[in-house]
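First the proteins, then the strands, lettered A, B, ... as listed; each starts at 1. Side chains are part of it too, since the values below use all heavy atoms of this structure and drop only hydrogens, waters and symmetry mates. It should be emphasised that the depicted structure is a prediction, and the values quoted were computed from it without experimental measurement.
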2 protein chains.
Amino acid sequence: MPMPLQPIKPKNISDQVFDQIRESIFRGQLKAGEQILPERELSQALGVSRTTVRNAINKLVVLGLLEHKQGQGTFVRSPDTRQGNPLAAAMEVQDATINDLLEVRMGLECNAAALAAVRAVKEDLAFMDASLEEMRAEVSSGRLGTEADTAFHMALAYATKNSVHVYLMKNFYDFLFVGIKKNLSHLYENPRNIDEILRQHGTIIAAIKRRDPKEATEAMRRHIQFVQDFFRNRL
Amino acid sequence: MPMPLQPIKPKNISDQVFDQIRESIFRGQLKAGEQILPERELSQALGVSRTTVRNAINKLVVLGLLEHKQGQGTFVRSPDTRQGNPLAAAMEVQDATINDLLEVRMGLECNAAALAAVRAVKEDLAFMDASLEEMRAEVSSGRLGTEADTAFHMALAYATKNSVHVYLMKNFYDFLFVGIKKNLSHLYENPRNIDEILRQHGTIIAAIKRRDPKEATEAMRRHIQFVQDFFRNRL
DNA sequence: ATGTGACATTGGTATGACCATTAATTTAGC
DNA sequence: GCTAAATTAATGGTCATACCAATGTCACAT
């Protein structure tokens, strides 16, 4: 009789550290340009050797998420200086347009909003609220709110509690958002657009807090539709 | 007079090792599938520490040129497996369930169905019809219809005319049907399930032919819901 | 023949030390 | 006082060694 053996997930320690740091970046806890903890402190804080931490960091450096500066520290690369994402490369070949990306996001994120409305715990909601607040702050201080923007959408992804969805969003983060960024600046040129987007994010969060999947989906649909319309009128 | 100083970039030792190995690969001295020297031997041969060699190798692994296999060695990845599935890699380790996959498909494919209803040309419709017919044939000949099944969903993807969606689905199905084919066989065990699925595929195609995005979406939703319910009742 | 288990090989992790580079701080020189 | 050189502290880069973990091999017992 086949004893129902439990799996155990092996996974390298390095990769676990890798995931954790990457997640901090995606969640916006580590902002672009910011310096991360020194390797020695990180290793102590995580309870692993410096060797392991270095492996994880090196991986992130190769992927273009971090940047090493000997004698200074390790820093989070700002998205616009990122290059050489293997996925992004694959995209170029296929002449993907912004609208293509938005269409896919329409499917992925509307669905995600519904899932989040059912499963989000208060921690997830806190992350979403924080991203919203941060975006307001960034905007009122004159900067663009693109990073807080992505932080919001990533927070939503985590709230789905669906590892496949999170995985997808993590890996497509770069060209789902960054690819848009340069064009996004046009969207942010008009203060009215920013206000509208902030309002839309708020509406989505509200629906999720009310545990209303249908309205959450619809709010997300309107949000993405708004962005789509903007680009459509521009071209 | 500003002497045109020559750069001389001492460069990291790791990077020097990195360059050397990479060059060997490009020159063909290290052929695809071949095993490279063990780290310990390499470090001795190059006169550097194993740490440094590991850094270089890790970089090449991240870039997809090499592949680590603990207990065996490090191997040169063949070019055709190189740009391979970003999804499948980290998926194995993750605790992704079938339901996670289906939830994401719910978002992606319902959306795709709507797009296809608007954009599918008669060629796309022909492909879908063909997959349906092929699946019928396979089933009635006793074999499983998994390949024709994927063919249907991929035909739908192509019909969206969205290169991003196609790219996602390609990788998605690569992974999907490697990992859970055996579970799928349970679904196909019962002839009634097969008939139902054939019927559902037909309904989706019909809605697309009628250029009815709303009904196409709904038909797809019911289809995936059906599969979800099946697995839910099974566990 | 078969399969069980010790063994050798190889990548993964842990320590601890020291080197190299950079920025901040202090000190020497004028 | 001010500038420039020297010192120092912080941080990433490298080294050496030991041991852990996974994998395949092969002799040995059954």
Taking only side-chain nitrogens and oxygens of B:S49, does any of them come within less than 4.0 Å of OP1 or OP2 of D:dC15?
yes
Report the C-alpha distance between A:R119 and A:D124 in whole Å, list the side-chain angles of each, state the deciding distance to 0.1 Å, and finish with yes or no for salt bridge (charged side-chain N to carboxylate O under 4.0 Å, His left out).
CA-CA 9 Å; A:R119 299 178 188 162; A:D124 298 316; over 6 Å; no
May I have the distance from A:Q44 (atom CD) to D:dT11 (atom P), rounded to whole angstrom?
13 Å
Round to a whole Å and report the spacing from CZ of B:F75 to C1' of C:dT10.
9 Å
For the CD atom on B:Q44, are there more than 12 heavy atoms of other groups (residues, nucleotides or ligands in this structure) within a distance under 6.0 Å?
no
For B:R50 and C:dA14, what is the distance between atoms CZ and C1' respectively, to the nearest whole Å?
12 Å
Closest of C:dA20, D:dC15, D:dT11 to the A:Q70 side chain is C:dA20
Atom of A:R22, atom of A:L60 and distance for their closest heavy-atom approach
CB-CD2, 4.1 Å
Protein-nucleotide distance (A:I36, atom CD1; D:dA10, atom C1'), rounded to Å:
15 Å
B:E39 has an atom CD; how far is it from atom P of C:dT13, in whole Å?
11 Å
Could you give the CG-to-P distance, from A:N55 to D:dG13, as a whole number of Å?
12 Å
If you compare every side-chain N and O of A:T51 against the phosphate oxygens of C:dT15 (OP1, OP2), does one of them come in below 4.0 Å?
no
Should A:Q72 be listed as having a side-chain N or O under 4.0 Å from OP1 or OP2 of D:dT11?
no
Is the phosphate of C:dG12, meaning OP1 or OP2, less than 4.0 Å from a side-chain N or O of B:R54?
yes
Looking at A:T52, I'd like to know whether one of its side-chain N or O atoms comes within less than 4.0 Å of OP1 or OP2 on C:dA14.
yes
Does a nitrogen or oxygen in the side chain of B:T74 sit under 4.0 Å from OP1 or OP2 of C:dG11?
yes
Where each residue is assigned the nucleotide of DNA chain C containing its nearest heavy atom, which of A:G71 and B:H68 is assigned the position nearer the 5′ end?
B:H68
Under a 3.5 Å cutoff, is there a donor and acceptor pairing between the side chains of B:E103 and A:H165?
no
Roughly how many Å is it from CG in B:L66 to P in C:dG11, rounded to a whole number?
11 Å
Return the value, rounded to whole Å, for the distance between atom NZ of B:K69 and atom C1' of C:dG11.
13 Å
For B:H153 and B:H201, take the angle between the two ring planes, folded into 0 to 90°, and tell me which bin it lands in: parallel under 30, tilted 30 to 60, perpendicular over 60.
perpendicular
